[in-house]
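Have a look at the structure below, then the notes.
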Amino acid sequence: MSKRQFDKVDRRPVLKDDFEDTMKQRLLAPKGEIKSETRTPSKAELALNWAVMLLVLATACVPAGAQTIGDSLVVSSSRVTVAENGDTATYTVKLSAEPGRVIAVRLEPAPAPPGLITVRPHQMLFDRRNWNIPQTVTVTGVDNDDFGDRMVTVTHTASGGKGAASVEVTIKDDELPPLPTVSLSVAPNPVVEGGSVTVTGHLSSALPSSVTIPLVLTAGTAEAGDYGALAGIAIAAGQTAATGTIGTVEDADRDDETFTVSLGMLPALVTAGSPSSVEVTIEDDDTAGSPSSVEVMIKDDDMAGIGLSPPSLHIRGCGTAAYTILLLSQPKAEVTVTVESDAPDVATTSPARLVFTPENWNRGRKVTVTTRIGGIASIVHRASSSDPGYDAASLTRTLRVVVGEGAPTLFAAPWQARFGRSHATQVLEGIAGRIAAQPKAGVDGSRSIAAHREVTSSSFALTGEEVLDGSMQSVWGRSSGLHFRGRERALVLDGEVRTATVGADRWRGQSQMGLALSRGLGKGEYGGGCSGRIRASLTSVVPYASLQALERLKLWGALGYGTGKVTFRPKVGDRYKADLTWTMAVAGLRGNVLPLPEEGSGPALAVTSDALWTRTTSEKTGDLAASDSGVTRLRFRLEGSWRVTLDEGGHLTPKVKVGAHHDGGDAETGFGVDFGVGIALVDPSLGLSLNLSGRTLIAHQDGDLKDQSFAMSLAFDPSPATRRGPSLTLYHAGGGLDTLEDRTGSGEATPRWVMEAAWGFPAFGGRFTGSPHVGFEHATAARDYTLGWQFSREAASALELSFGVKAVRRESNVAAPEHTVGFEIRAYW
């Protein structure tokens, strides 16, 4: 710690001794009076004072929009170069002068063109301790289908509106453009014997250097001496066409003759196009006498054909691409070109047919290719027309489409990162409630008739009496739901996560240790080029511990590990499944600034802070690539409540939570503010228990992030001690342990409303209570109607025993009604 401190009010530096003397006077003087005499506070009081001061300093460290930076950032290099095949480059960033508070520097690549590079980290933090220590930035090139080098600018913006820098990143292309194609044409054709024909070689695109196109002349009905020679055509650099001449010889016969001009062995710079050979007709001009007239026939030298640009497509991942189609010569009538993919599960096209007229034959028409999964497809084009030149069965043209990774791969890591973060948030909310609770023997929470339903209500806790060694043990449970909506570049990600947690913990002295078992079920959708649904399940185990370090300060931590499965289902195509692995680490503190009074009414105020890290990975399968994503979160929260004592020992407790946090990693990043409210009502005179809570994200630096959760339970039992008389339970179940069953016929967990009513009567001579009960459960696509009878021991003893029967009618929107009858027995000791 520095030898000089800063006064909170006027920011004047004071000596450490003066600061401690001032704090002693303020803390130890009676209300309304400041005494000059001082006394040395206890160690506990000094520790508490330092803890409060640290919390105030932690709050002050949150960057604010009004902060200014007098000096700019220092970047080690303004230009770096990477190759697009995963090559990396690094540079460093630091501040040029010591700041007055924590400075956040955000790194953002230019929004266009997207997806060319990745930059890590997304954000840096500088303070008085590390402002002059360079922090390393790693830039990684991402493979793309574009040809040529590209450039992206990475902007570095410091909080406060001042202090910015940029780095230009050059991405070197590692792909070769498609080879130019070469085709042939001949004019005039036919040619009168004795005349010459001009052979033209056409390149689809110019080359930087000259190239010679070899030709092969093959005799048809003509003899070798009826035409001359042409070994090749030289096309100059930067040109797309060149010509050569072949002479013909006038002979004595009166027959028309033919020979063929074809492409020879082409150099490596070009590839054969269409047409690659042309048949030339030599017309005979010999007659029996002098003609009184000559009929001249002008034959078209244009070859019928279909032109495509580009001649092939390479599409990476999910999305669309386009190419252009036109005719190579003017038709005499309308020409219909059908477009069909030989692998529609890989790629489809639109439109399916195009019509060209003699007026628009050379105007390019766009065809859109939409990818489904990875693979290779051939787009076949067939022409038909009343023009004989465009009605040949062999007049087809094929475009090759190569699709890279399957569509779901692009969405795996972003969605799994948010799913893992949501599961961790829900589990930690239950653990945080246990850490904040005071050990007290008894039952807390709503009571449900059916045994397997007790753990699916919003919360419950059962704490035993203190044993000889001073320890107390508890069993608890909680279920909740959470929605998120995010965006990552062009990806749109929606999700809903339902988590049920049961746990056991043990208090002894100032320490607490526990173990939680959770089951999370998630579902969502993805979109952006492709769309589909996602389902995920995760079973995790989380050991946790806490320590009351000071009278009003508690430290805690938890570790987590879980496994599960994720399923991607595109709108078109098969499902893709992969195994999930989830890990978590978290540490935090809780300071009871104003503890809840042990008896009577009064307020309570607590300060909590924690640091969370989660990692979610999926294994590589035959259809999906492996993914690895991590998320971090730093959080600071104020929790306030006011307990109002009611008559007959009941109480009403409204609650408010306000928190600020910073998110990092592979999901949404930046600062955010969340707000939560709740109310708890317990009235023993009416046998009524009500618990409502909700939380929402009201602002976040990443505006695409949405986050809400809701939980509710209601219990009515006028005679909880005897279990006799009427009782009613109503709760909103967000997906508890019983959602492992297929409740809707689809295997999907959905939010449910559950109501159960019962009436307890003496049974078996008063030793048991018999409780007939009815229930109704409503989910999105299913309804359950239950009728049963449960017997439980009335007298308290070391052995708690209950048994019962239950009949269930299950109605589903996707299946026929089902009827089941079951028997259950429970024992506790």
Side-chain angles (χ1 to χ4, degrees), residues 61-177 316 414 487-491 630 632 662-671 701-704:
C61 287
V62 178
Q67 168 70 15
T68 61
I69 303 173
D71 297 284
S72 61
L73 303 173
V74 177
V75 181
S76 63
S77 177
S78 61
R79 291 183 177 86
V80 296
T81 301
V82 295
E84 68 176 42
N85 59 356
D87 185 25
T88 61
T90 61
Y91 59 92
T92 61
V93 179
K94 65 178 181 179
L95 300 185
S96 61
E98 180 178 344
R101 57 191 298 182
V102 175
I103 302 302
V105 180
R106 185 174 178 85
L107 286 70
E108 294 181 304
L116 298 180
I117 61 172
T118 61
V119 180
R120 292 291 185 275
H122 301 299
Q123 181 167 284
M124 298 176 173
L125 296 178
F126 293 95
D127 55 23
R128 290 180 297 176
R129 296 171 300 176
N130 70 342
W131 64 273
N132 60 347
I133 300 176
Q135 297 190 33
T136 301
V137 179
T138 301
V139 180
T140 304
V142 178
D143 195 13
N144 62 80
D145 297 328
D146 298 332
F147 300 114
D149 298 343
R150 307 297 293 272
M151 180 173 292
V152 175
T153 299
V154 180
T155 302
H156 308 66
T157 306
S159 59
K162 292 186 178 181
S166 62
V167 174
E168 291 185 353
V169 180
T170 301
I171 302 100
K172 290 292 186 179
D173 187 32
D174 65 348
E175 297 177 350
L176 296 176
R316 185 173 302 279
R487 180 183 293 271
E488 188 163 318
R489 296 188 179 94
L491 310 184
T632 61
H662 179 270
D663 297 292
D666 296 318
E668 291 78 16
T669 59
F671 289 91
Q701 194 169 345
D702 189 329
D704 294 317

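Below, all heavy atoms of this structure are taken into account, side chains as well, without hydrogens, waters or symmetry copies. Keep in mind that what you see is a predicted model, and the values were worked out from it rather than measured.
The nearest pair of heavy atoms linking Thr81 to Ala89 is O-CB, 3.8 Å. The shortest heavy-atom contact between Thr92 and Pro134 is CB-CB, 3.6 Å. Scanning both residues, Val75 and Tyr91, for their nearest heavy atoms gives CG1-CD1, 3.7 Å. Scanning all heavy atoms of the two residues, the minimum distance from Gly665 to Thr632 falls at N-OG1, 4.1 Å. Taking each heavy atom of Thr140 and Gly86 in turn, the nearest pair found is CG2-O, 3.7 Å. Val139 and Val82 make their closest contact through O-CG1, 3.8 Å (heavy atoms, listed as atom of the first residue, atom of the second, distance).
Remark: side-chain polar atoms of Asn130 are paired, donor with acceptor, to backbone N or O of Leu125 under 3.5 angstrom.
With rounding to the nearest 0.5 angstrom, the OG1 atom of Thr157 is 9.0 Å from the CZ atom of Arg106. Arg120 CZ to Thr138 OG1: the interatomic distance, rounded to the nearest 0.5 Å, is 10.0 Å. Here CG of Leu73 is found 6.0 Å from CG of Leu95. Values are rounded to the nearest 0.5 Å. His156 NE2 to Met124 CE: the interatomic distance, rounded to the nearest 0.5 Å, is 6.5 Å. Taking CG from Asp127 and CD1 from Ile133, the interatomic distance works out to 9.0 Å, rounded to the nearest 0.5 Å.
Contact check for Val154 versus Ile117: side-chain heavy atoms found under the 4.5 Å cut-off.
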Report task. Go through Gln123 and Thr669 one step at a time and tell me if the side-chain contact (heavy atoms from CB on, under 4.5 Å) criterion holds. Result -> CA-CA 9 Å; Gln123 181 167 284; Thr669 59; over 6 Å; no

Requested in this report: Any chance you could lay out the side-chain contact (heavy atoms from CB on, under 4.5 Å) test for Ile103 and Trp131, step after step, and finish with the verdict?
Outcome: CA-CA 9 Å; Ile103 302 302; Trp131 64 273; over 6 Å; no

Requested in this report: Under the side-chain contact (heavy atoms from CB on, under 4.5 Å) rule, what do Glu168 and Thr153 come out as? Steps first, then yes or no, please.
Outcome: CA-CA 5 Å; Glu168 291 185 353; Thr153 299; 4.1 Å; yes

